[in-house]
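One-based numbering, in listed order, for ligands and for the atoms of each. Note that the structure is predicted; figures quoted are calculated from it, not measured. Along the sequence shown, residues carry numbers from 1.
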Amino acid sequence: QDLFEHPDFYQIDELLTEEHKLIRSSIRDFVKREISPYIEDWAQQAHFPYEIVKKFGDVGAFGPSIPAEYGGGGLDYISYGLIMQEIERGDSGMRSTASVQGSLVMYPIYKFGSEQQRKKYLPKLASGEWLGCFGLTEPDHGSNPGGMVTNFKDMGDHYLLNGAKMWISNSPKANLAVVWAKNEQGRIQGLIVERGMEGFSAPETHNKWSLRASTTGELVFDNVKVPKENLLPGKDGLGTPLMCLDSARYGIAWGAIGAAMDCYESARRYALERNQFGKPIASFQLVQKKLAEMLTEITKAQLLNWRLGTLMNEGKATTAQISLAKRNNVHTALEIAREARQIHGAMGITGEYPIMRHMANLESVITYEGTHDIHLLILGNHITGIPAFV
Ligand code: FAD
């Protein structure tokens with residue numbers, strides 16, 4: 001049986017180009033071959049398979065929308081979305097690795113970096129020779145990153161960086177970190193910090209019940225001397241990291257639906273195969289209700305993603321539109337995972353099926369890149385003009 005059948009109830013494939021479909025099937029094959037057979041073990045063992053980084057590079061999963069001259073794919077945003085969808089159908093942790101590298105490391109270097117920085121780092125990151133991470137969140141500043149205390153001082157021939165970041169995807173294995181810190185005027189700027197710089201460490205965070213195949217850690221800066229050419233010169237202020245988050249959140253809106261599709265397909269198959277009271281559980285109305293609602297929500301989210309992708313391609317998508325999609329689709333995926341878990345009965349709690357892993361993963365996805373409630377407040381601000389964050 002095709003484990004990667006995808007629901008396309010509204011024939012959204014007709015809205016895709018041949019190139020989109022080719023990209024999707026190549027990533028789908030890659031996930032089937034390189035991720036799905038192993039992911040359950042990796043997650044159970046809390047193992048980050050570092051070798052996947054190079055493979056992601058080979059298949060074009062890093063920075064699909066970055067121009068080809070810097071090693072990126074030069075693709076449109078629908079292609080980017082489809083790539084994220086197919087990877088997250090495999091696992092949200094694997095998609096997180098790719099999202100961080102493409103949207104949170106390559107994107108800021110491309111968008112705000114100097115030509116020298118682009119040429120130095122982007123090809124290595126695109127090919128998977130190097131892994132990167134994005135340091136915004138701090139122990140005391142999560143939803144409110146503007147309150148950050150990590151800072152740097154101009155020492156004449158270098159910058160001196162101090163502070164700490166927490167919950168940083170990829171950090172324990174990363175070759176470089178794009179770090180957001182305040183300058184002496186209190187303005188937030190991005191700095192490229194490389195592994196091996198004195199005073200810089202990235203200890204791993206253990207015992208997560210979620211995104212177990214993705215590695216997460218801290219970034220600690222103790223008087224780190226950062227060369228001046230490592231400052232991202234293009235833009236300063238909180239809006240700079242937030243622009244990166246817009247790009248990543250867009251990918252998450254697609255990715256989460258990949259996880260939802262996997263749960264739906266597993267539940268549909270299980271319901272047809274599992275017999276109780278002398279017939280398949282799929283014949284009971286309550287089970288059909290669950291499946292019908294899953295398909296309805298997946299279809300709505302697919303349409304949302306496609307339209308948002310076209311707006312992204314035209315450069316017209318707003319932060320509030322991206323918030324709506326990230327918030328809706330991750331919540332939808334989590335609800336679908338929970339319902340699918342019930343359809344699988346006791347089997348749903350085992351690693352024989354992907355459900356519980358997706359469900360636990362999505363608990364991180366609904367929190368990172370802006371929590372469910374913070375995205376609601378972004379929409380509230382858009383509707384009323386009144387920011388309710390503070
Ligand atoms: P808090 O901000 O403390 O929020 C706690 C609760 O309070 C939430 O429910 C929140 O919605 C609510 N809340 C907060 N403020 C308000 C308000 N004004 N009004 C109403 N409710 C409010 N960060 C990075 O920088 N880089 C990464 O690579 C990265 N990877 C991550 C990977 C994982 C596995 C996880 C779990 C997190 C990661 N994060 C990363 C951090 C993530 O972005 C933060 O966890 C997130 O922004 C929320 O911050 P917090 O956990 O400090 O929660």
Side-chain angles (χ1 to χ4, degrees), residues 43 46 48 88 91-108 125 131-150 163-182 188 190-191 193 202-221 238 240-249 251-252 255-256 259 323 326-327 330-331 334 357-381 384 386-390:
F48 171 63
E88 193 149 354
D91 187 71
S92 308
M94 293 291 99
R95 197 270 308 138
S96 300
T97 299
S99 284
V100 168
Q101 182 93 334
S103 287
L104 298 180
V105 181
M106 294 175 67
Y107 177 86
L125 291 161
L131 181 67
C133 67
F134 173 91
L136 180 66
T137 304
E138 300 190 351
D140 293 330
H141 300 93
S143 298
N144 175 27
M148 69 171 65
V149 293
T150 298
K165 300 288 176 180
M166 202 177 174
W167 298 115
I168 308 305
S169 301
N170 297 350
S171 87
K173 298 280 184 200
N175 302 85
L176 69 79
V178 170
V179 177
W180 302 94
K182 283 183 176 162
I188 293 172
L191 297 146
V193 179
E204 186 167 0
T205 300
H206 295 287
N207 298 333
K208 289 178 300 170
W209 282 117
S210 173
L211 298 187
R212 287 170 63 81
S214 154
T215 181
T216 314
E218 297 168 50
L219 299 172
V220 182
F221 313 105
L238 183 60
T240 319
L242 295 188
M243 271 175 75
C244 309
L245 294 178
D246 270 354
S247 162
R249 289 164 179 171
I252 293 171
S323 280
K326 191 268 184 187
R327 180 174 187 273
V330 177
H331 183 254
L334 193 48
R357 179 170 47 80
H358 283 310
M359 197 167 103
N361 282 342
L362 289 162
E363 290 291 347
S364 284
V365 182
I366 204 166
T367 286
Y368 72 20
E369 303 266 359
T371 68
H372 191 63
D373 285 347
I374 291 295
H375 287 297
L376 179 133
L377 297 180
I378 291 172
L379 286 169
N381 187 14
T384 64
I386 306 166
F389 307 99
V390 284

Colleague: Would you say Met166 has any N or O atom under 3.5 Å from an N or O of ligand 1, going by distance alone?
Modeller: no

Colleague: Is there a polar contact between ligand 1 and Tyr368, counting only N or O atoms under 3.5 Å apart?
Modeller: no

Colleague: Of the protein's non-hydrogen atoms, which lies at the shortest distance from atom 32 (C) of ligand 1, and what is that distance?
Modeller: Ser169 OG, 3.4 Å

Colleague: Suppose we measure from atom 38 (C) of ligand 1 to each protein heavy atom; which comes out shortest, and what is that distance?
Modeller: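 Of every protein heavy atom, Trp167 O, 3.1 Å lies nearest to atom 38 (C) of ligand 1.
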
Colleague: Within the structure, does at least one protein heavy atom fall under 4.0 Å of atom 29 (C) of ligand 1?
Modeller: yes

Colleague: Flag the pair Glu88 / Met94 as yes when at least one side-chain heavy-atom distance between them is below 4.5 Å, and no otherwise.
Modeller: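 No. Closest side-chain heavy atoms not under 4.5 Å.
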
Colleague: Please tell me if atom 9 (O) of ligand 1 is touched by the protein, where touching means a protein heavy-atom distance below 4.0 Å.
Modeller: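 No, there is no protein heavy atom closer to it than 4.0 Å.
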
Colleague: Identify, by atom number and element, the atoms of ligand 1 in contact range of Asp373, meaning under 4.0 Å from any of its heavy atoms.
Modeller: 11 (O)

Colleague: Of the non-hydrogen atoms in Ser214 and Phe48, which two are nearest, and what is the gap between them?
Modeller: CA-CD1, 4.1 Å

Colleague: Protein heavy atom under 4.0 angstrom of atom 6 (C) of ligand 1, is there one?
Modeller: no

Colleague: Side chain, backbone, both or neither: which applies to Glu369 and ligand 1 if a contact is any heavy-atom pair less than 4.0 Å apart?
Modeller: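 Glu369 to ligand 1: backbone contact only, side chain stays beyond 4.0 Å.
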
Colleague: Students should be able to answer this: which protein heavy-atom is nearest to atom 14 (C) of ligand 1, and at what distance?
Modeller: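 Protein heavy atom at minimum distance: Ser143 OG, 3.6 Å.
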
Colleague: Would Cys133 count as a contact of ligand 1 if the rule is a heavy atom under 4.0 Å away?
Modeller: no

Colleague: Taking heavy atoms and a distance under 4.0 Å, where does Leu211 meet ligand 1: side chain, backbone, both or neither?
Modeller: side chain

Colleague: Can you pull out the closest protein heavy atom to atom 50 (P) of ligand 1? Residue, atom name and distance to 0.1 Å, please.
Modeller: Gly142 CA, 3.9 Å

Colleague: Shortest non-hydrogen contact from Leu104 to Ala248?
Modeller: CD2-CB, 3.8 Å

Colleague: Do you know which two heavy atoms are closest between Pro108 and Trp180, and how far apart they sit?
Modeller: CB-CZ2, 4.2 Å

Colleague: Within the structure, does Gly370 bring an N/O atom to less than 3.5 angstrom of an N/O atom in ligand 1?
Modeller: no

Colleague: Taking atom 43 (O) of ligand 1 as the reference point, report whether a protein heavy atom occurs under 4.0 Å from it.
Modeller: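 Within 4.0 Å: yes, protein heavy atom nearby.
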
Colleague: Side-chain contact test, heavy atoms from C-beta onward, threshold under 4.5 Å: evaluate it for Lys173 versus Glu204 and give yes or no.
Modeller: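 The answer is no, as the side chains (C-beta and beyond) never meet within the 4.5 Å cut-off.
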
Colleague: Is Leu219 close to Cys133 at the side-chain level, that is, under 4.5 Å between some pair of heavy atoms?
Modeller: yes

Colleague: What heavy-atom pair brings Lys326 and Glu369 nearest, and what distance separates the two atoms?
Modeller: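 For Lys326 versus Glu369, the nearest heavy atoms are CE-O, 3.9 Å.
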
Colleague: When you measure from atom 51 (O) of ligand 1 to every protein heavy atom, which one gives the shortest distance, and what is it?
Modeller: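 The answer is Thr367 CG2, 4.5 Å.
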
Colleague: Can you tell me the protein heavy atom closest to atom 20 (C) of ligand 1 and the distance?
Modeller: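 Ranking protein heavy atoms by distance from atom 20 (C) of ligand 1, first comes Leu377 CD1, 3.9 Å.
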
Colleague: Nearest 0.5 Å, what's the NE2-CZ distance between His206 and Arg212?
Modeller: 11.5 Å

Colleague: For side-chain hydrogen bond (donor to acceptor under 3.5 Å, both in side chains), just list the numbers for Thr205 and Glu218, CA-CA rounded to whole Å, side-chain angles, deciding distance to a tenth of an Å, and then say yes or no.
Modeller: CA-CA 7 Å; Thr205 300; Glu218 297 168 50; 4.9 Å; no

Colleague: Closest heavy-atom contact between Thr371 and Ser143?
Modeller: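 Taking every non-hydrogen atom into account, CG2-OG, 4.1 Å.
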
Colleague: Should the heavy atoms of other residues, nucleotides or ligands under 6.0 Å from NZ of Lys182 be counted, would the total exceed 12?
Modeller: yes

Colleague: Closer than 4.0 Å to some heavy atom of Ile168 - which atoms of ligand 1 meet that?
Modeller: 24 (C), 25 (O), 26 (N), 27 (C), 28 (O)

Colleague: With the threshold set strictly below 4.0 angstrom, can you tell me whether any protein non-hydrogen atom sits that near atom 46 (C) of ligand 1?
Modeller: yes

Colleague: Considering only heavy atoms of Leu136, which atoms of ligand 1 have at least one such atom less than 4.0 Å away?
Modeller: 25 (O)

Colleague: Which heavy atom of the protein is the closest neighbour of atom 22 (C) of ligand 1, given with residue, atom name and distance?
Modeller: Ile374 CD1, 4.3 Å

Colleague: Between Ile168 and Leu136, which heavy-atom pair has the shortest distance, and what is it?
Modeller: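 Between these two residues, the closest heavy atoms are CD1-N, 4.1 Å.
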
Colleague: Can you report which non-hydrogen protein atom sits closest to atom 24 (C) of ligand 1, along with the distance?
Modeller: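 Checked against all protein heavy atoms, atom 24 (C) of ligand 1 sits closest to Thr137 OG1, 3.3 Å.
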
Colleague: Answer with side chain, backbone, both or neither: which part of Ser364 has a heavy atom less than 4.0 angstrom from an atom of ligand 1?
Modeller: side chain

Colleague: Could you go through Tyr368 and Thr137, starting from their C-alpha distance and side-chain angles, then the distance that decides it, and tell me whether this counts as side chain to side chain contact (heavy atoms under 4.5 Å, CB included)?
Modeller: CA-CA 10 Å; Tyr368 72 20; Thr137 304; over 6 Å; no

Colleague: Given side chains that start at C-beta, do those of Ser92 and Leu211 come closer than 4.5 Å, heavy atoms only?
Modeller: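 Ser92 vs Leu211: side chains touch.
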
Colleague: Does atom 26 (N) of ligand 1 have a protein non-hydrogen atom under 4.0 Å from it?
Modeller: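 So atom 26 (N) of ligand 1 has protein heavy-atom neighbours under 4.0 Å.
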
Colleague: Taking Ser364 for its side chain and Ala360 for its backbone only, find out whether a donor-acceptor pair lies under 3.5 Å.
Modeller: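 No.
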
Colleague: With backbone taken as N, CA, C and O and side chain as the heavy atoms from C-beta onward, which portion of Thr371 lies under 4.0 Å from ligand 1: side chain, backbone, both, or neither?
Modeller: side chain

